[in-house]
Amino acid sequence: MRLVEKSKRVIEAHLNNTSVRALSGSMVAYEGQVQFKSAGFGGGEGVLAGLRQRATGEGLSLMECSGNGVVYLAHQGQDVTVLELNNETLQVESEQLLALNGNLGTNVTFAGVRGNMSGQGLFTTTVTGSGQVALLSAGGPLIHLEVSPQYPLVVDPDAFVCAKGQLSQSFVTDVSWRTFVGQGSGEAFSLRWDGMGVVSIQPAER
């Protein structure tokens with residue numbers, strides 16, 4: 001089963017007696033003999049996943065597409081990027097996750113206290129294993145920024161999409177740059193990434 005970028009905003013899931021998990025409602029067309037069913041939430045399995053989603057506000061409503069054919073997936077005209085994971089862990093904002101295939105598991109982990117002024121939750125979704133992940137980004141394609149020990153990275157939490165590598169995340173309070181752009185009354189913190197890896201952002205805020 002492969003995910004293929006059909007265009008900037010649509011991906012194809014090629015099924016050959018296989019299945020793919022995708023964001024509920026993201027199917028825009030399909031060809032062949034394909035069945036659809038609920039795949040629950042992305043924070044684990046069954047009732048526990050539902051409870052965790054209600055408690056944290058971070059979770060996915062997924063559907064499983066299985067059979068033979070091609071499923072076309074898109075969501076609200078956003079750009080789509082397919083990433084390959086090779087026994088890796090990806091930290092991702094749940095609302096940016098469009099589809100997963102292969103031997104990939106999802107969970108919800110504690111990310112730390114982000115402050116009281118943001119709509120961001122205290123938890124983040126992780127995708128672990130080997131396979132493909134299709135991610136959504138608003139305002140254009142994902143922008144991949146490298147992080148090294150010499151050059152830590154600070155990003156707007158509303159622009160953050162995902163991160164992978166040997167990275168640690170912390171929260172820094174710095175309203176000065178927001179004041180310069182006329183947003184001094186907005187979020188009073190940013191996300192800081194240290195270590196070695198890649199952080200991907202979108203060119204539009206949520």
M27 vs M63, test: side-chain contact (heavy atoms from CB on, under 4.5 Å). Steps then yes/no. CA-CA 10 Å; M27 188 277 292; M63 64 179 179; 3.7 Å; yes
CA sep, side-chain torsions, deciding dist, call: E84, R2, salt bridge (charged side-chain N to carboxylate O under 4.0 Å, His left out): CA-CA 11 Å; E84 301 271 354; R2 295 291 295 174; 3.0 Å; yes
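- Contact detail for P152 and V147: the closest heavy-atom pair is CA-CG1, 4.2 Å.
- Atom CG of L83 sits about 6.0 Å away from atom NZ of K164, to the nearest 0.5 Å.
- Under a hydrophobic-cluster definition in which Ile, Leu, Val, Met, Phe, Trp and Tyr are linked whenever side-chain heavy atoms come within less than 4.5 Å, directly or via other members, F36 and M1 are assigned to the same cluster.
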Walk me through whether S61 and S24 qualify under side-chain hydrogen bond (donor to acceptor under 3.5 Å, both in side chains). CA-CA 6 Å; S61 177; S24 295; 3.1 Å; yes
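- The environment of E146 atom CD is sparse: at most 12 non-hydrogen atoms of other residues, nucleotides or ligands sit within 6.0 angstrom.
- Put simply, the side chain of E5 gets close to the backbone of V82: a donor and an acceptor are under 3.5 Å apart.
- Looking at L90 and V133, their side chains come closer than 4.5 Å, going by heavy atoms from C-beta outward.
- Contact of the L167 side chain with the V199 side chain is registered, since non-hydrogen atoms from C-beta on lie closer than 4.5 Å.
- Using a 4.0 Å cut-off between a side-chain N of Lys or Arg and a carboxylate O of Asp or Glu, R21 and E64 do not qualify as a salt bridge.
- Between the NZ atom in K37 and the OG atom in S19 there is a gap of 8.0 Å [rounded to 0.5 Å].
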Criterion side-chain hydrogen bond (donor to acceptor under 3.5 Å, both in side chains) on H75 and S26, from CA distance to verdict: CA-CA 5 Å; H75 183 64; S26 61; over 6 Å; no
I'd like to know whether Y72 forms a side-chain hydrogen bond (donor to acceptor under 3.5 Å, both in side chains) with E31, so could you lay out the CA-CA distance, the side-chain angles of the two residues, the decisive distance to 0.1 Å, and finally the verdict. CA-CA 9 Å; Y72 300 88; E31 302 168 347; 3.2 Å; yes
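- In the hydrophobic clustering of this structure, Y30 groups with V80; members are Ile, Leu, Val, Met, Phe, Trp, Tyr whose side-chain heavy atoms approach within less than 4.5 Å, directly or through other members.
- Scanning both residues, N101 and Q132, for their nearest heavy atoms gives OD1-N, 2.6 Å.
- Annotation for Q35: atom CD counts as buried by contact number, over 12 foreign heavy atoms lying within 6.0 Å.
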Run the side-chain contact (heavy atoms from CB on, under 4.5 Å) test on N68 and V34 for me, step by step, so that the C-alpha distance in whole Å, both residues' side-chain angles and the decisive distance to 0.1 Å come before the verdict. CA-CA 6 Å; N68 286 283; V34 181; over 6 Å; no
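- Shown here for V172 and V154, the closest heavy-atom pair between the two residues is CG2-CG1, 4.2 Å.
- L136 pairs in a side-chain contact (heavy atoms from CB on, under 4.5 Å) with only one of the listed residues (R9, Q78, E93), which is Q78.
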For side-chain contact (heavy atoms from CB on, under 4.5 Å), just list the numbers for V127 and T89, CA-CA rounded to whole Å, side-chain angles, deciding distance to a tenth of an Å, and then say yes or no. CA-CA 6 Å; V127 180; T89 295; over 6 Å; no
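- A donor-acceptor pair under 3.5 Å links the side-chain atoms of E88 to the main chain of N86, judged by distance alone.
- Using a distance-only test at 3.5 Å, with no hydrogens or angles considered, no donor-acceptor pair links the side chain of S190 to the main chain of D156.
- In this structure, D79 and P141 approach most closely via the heavy-atom pair OD2-N, 3.6 Å.
- Considering every non-hydrogen atom in both A138 and P203, the closest pair reads O-CD, 3.4 Å.
- V10 and V71 fall into different hydrophobic clusters, where Ile, Leu, Val, Met, Phe, Trp and Tyr are joined by side-chain heavy atoms under 4.5 Å apart, directly or via other members.
- Aromatic pair Y151/W193: centroids not less than 6.0 angstrom apart.
- Linking Ile, Leu, Val, Met, Phe, Trp and Tyr whenever their side-chain heavy atoms come within less than 4.5 Å leaves V198 and L85 in two separate clusters.
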